[in-house]
Amino acid sequence: MSRMTVNGRPVRFALDPDTPLLWALRDAANLTGTKYGCGTGDCGACMVMVDGEALRSCLITIAEAEGRFVTTIEGISRDRSHPVQQALVAEQAIQCGFCTPGIVMSAATLLRSNPAPSDEEIKAAIPNLCRCGVYPRLVRAVQRAGRVMRRLETISAAPAPGISAEDAARAVPAMNPAKESETD
Ligand code: FES
Ligand code: FES
C-alpha cells in the first residue's frame with residue numbers, strides 16, 4: 001500500500017510498490033492527462049509535479065512517491081485557466097497536444113521559482129520533446145505566462161474549447177479534498 005497526496009487528495013494505491021507512478025496515476029486513479037510517451041525518461045510526456053519539483057512519472061515508483069505531494073495536469077487548474085495553459089493557447093503553441101500536459105507541468109514548475117526566465121533558462125528547464133516542433137512558440141508562450149504571473153499582462157482569450165469550468169469541477173474530484181480513497 002502506497003500513500004500519497006494527489007491533487008490535494010489523500011490516495012492509497014493497493015499496487016506493487018515498484019509500479020511506476022505514471023501507471024498508478026493513469027490506470028488506477030484515472031488521471032489520464034499524464035501521458036505515456038517513451039517510458040524511459042526521454043520525452044517528458046509523463047511530467048508531474050512532486051513536492052514542487054517537475055519529475056518524470058515513468059521513472060519514479062509509487063514506493064518512492066510515498067508520503068509526497070503529487071500534482072498532475074488535472075490538478076494545475078480546474079478550468080484550464082493557469083497562465084501557462086492560457087499562454088500556450090494564445091501563442092498557438094499546441095498542435096497535436098500529446099506533449100502539452102507534460103510541457104505545462106515543466107513550465108509551471110519553472111515559473112514558480114523564476115517568473116521571468118530567459119530563453120536559455122526556458123530551454124534548460126523544459127526538456128520535453130515535441131514531435132510537432134512547437135519550440136519557438138513554446139518559448140514565447142512561457143515568457144508570456146511569466147508576464148501574466150507578474151501582472152504585466154492579461155490574456156483575454158478563453159481557455160481552449162472543451163469542458164466548462166462547472167463540468168471540470170465535477171469531473172476532477174481531486175480538486176475537492178475529500179476523504180481518503182483507495183485505488184487498485
Ligand atoms: Fe516518461 Fe517519456 S514517458 S519521459
Ligand atoms: Fe504534438 Fe507536441 S504538439 S507532440
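Each ligand, and each atom within it, is numbered from 1 in the order the structure gives.
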query = For ligand 1, which atoms have a heavy atom of Cys38 less than 4.0 angstrom away?
reply = 2 (Fe), 3 (S), 4 (S)

request  = Could you tell me whether a side-chain N or O of Gln95 sits under 3.5 Å from a main-chain N or O of Val134, the two making a donor and an acceptor?
outcome  = no

note = Counting from 1 in the order shown, the ligand 2 atoms closer than 4.0 Å to a non-hydrogen atom of Gly97 are 1 (Fe), 3 (S)

query = Has the side chain of Asn7 got a donor or acceptor atom that lies under 3.5 Å from a matching backbone atom of Thr72?
reply = yes

request  = Taking both backbone and side-chain atoms into account, decide whether Cys46 has an N/O/S atom under 2.8 Å from atom 1 (Fe) of ligand 1.
outcome  = yes

task = Indicate yes or no: at least one non-hydrogen side-chain atom of Arg56 is less than 4.5 angstrom from one of Pro127.
result = yes

ask   = Of all the atoms in Cys99, is at least one N, O or S atom closer to atom 1 (Fe) of ligand 2 than 2.8 Å?
value = no

ask   = Any idea which atoms of ligand 1 are less than 4.0 Å away from a heavy-atom of Asp42?
value = 4 (S)

task = Look at the N, O or S atoms of Cys130, main chain and side chain alike, and state whether any lies under 2.8 Å from atom 2 (Fe) of ligand 2.
result = yes

task = Take atom CZ of Phe69 as the centre, draw a 6.0 Å sphere, and report whether it contains more than 12 heavy atoms from other residues, nucleotides or ligands.
result = no

query = So, is Cys96 placed with an N/O/S atom under 2.8 Å from atom 1 (Fe) of ligand 2, counting both backbone and side chain?
reply = yes

query = Short question: side chain of Arg137, backbone of Ile94 - any donor-acceptor pair under 3.5 Å?
reply = no

note = Under 4.0 Å from one or more heavy atoms of Cys58, ligand 1 contributes atoms 1 (Fe), 3 (S), 4 (S)

Where ligand 1 meets Gly39 - atom numbers and elements under 4.0 angstrom, heavy-atom basis = 2 (Fe), 3 (S)

ask   = Are the side chains of Ile60 and Leu22 in touch, meaning some heavy atoms are under 4.5 Å apart?
value = no

ask   = Which ligand 1 atoms are under 4.0 Å away from a heavy-atom of Cys43?
value = 2 (Fe), 3 (S), 4 (S)

note = ligand 1 to Gly41, heavy atom cutoff 4.0 Å, flagged ligand atoms 4 (S)

task = Look at atom CZ of Arg112 and say whether more than 12 heavy atoms of other residues, nucleotides or ligands are closer to it than 6.0 Å.
result = no

ask   = Is there a donor-acceptor contact under 3.5 Å from the side chain of Thr19 to the main chain of Asp16?
value = yes

remark   = Counting heavy atoms under 4.0 Å, the part of Thr40 that contacts ligand 1 is neither

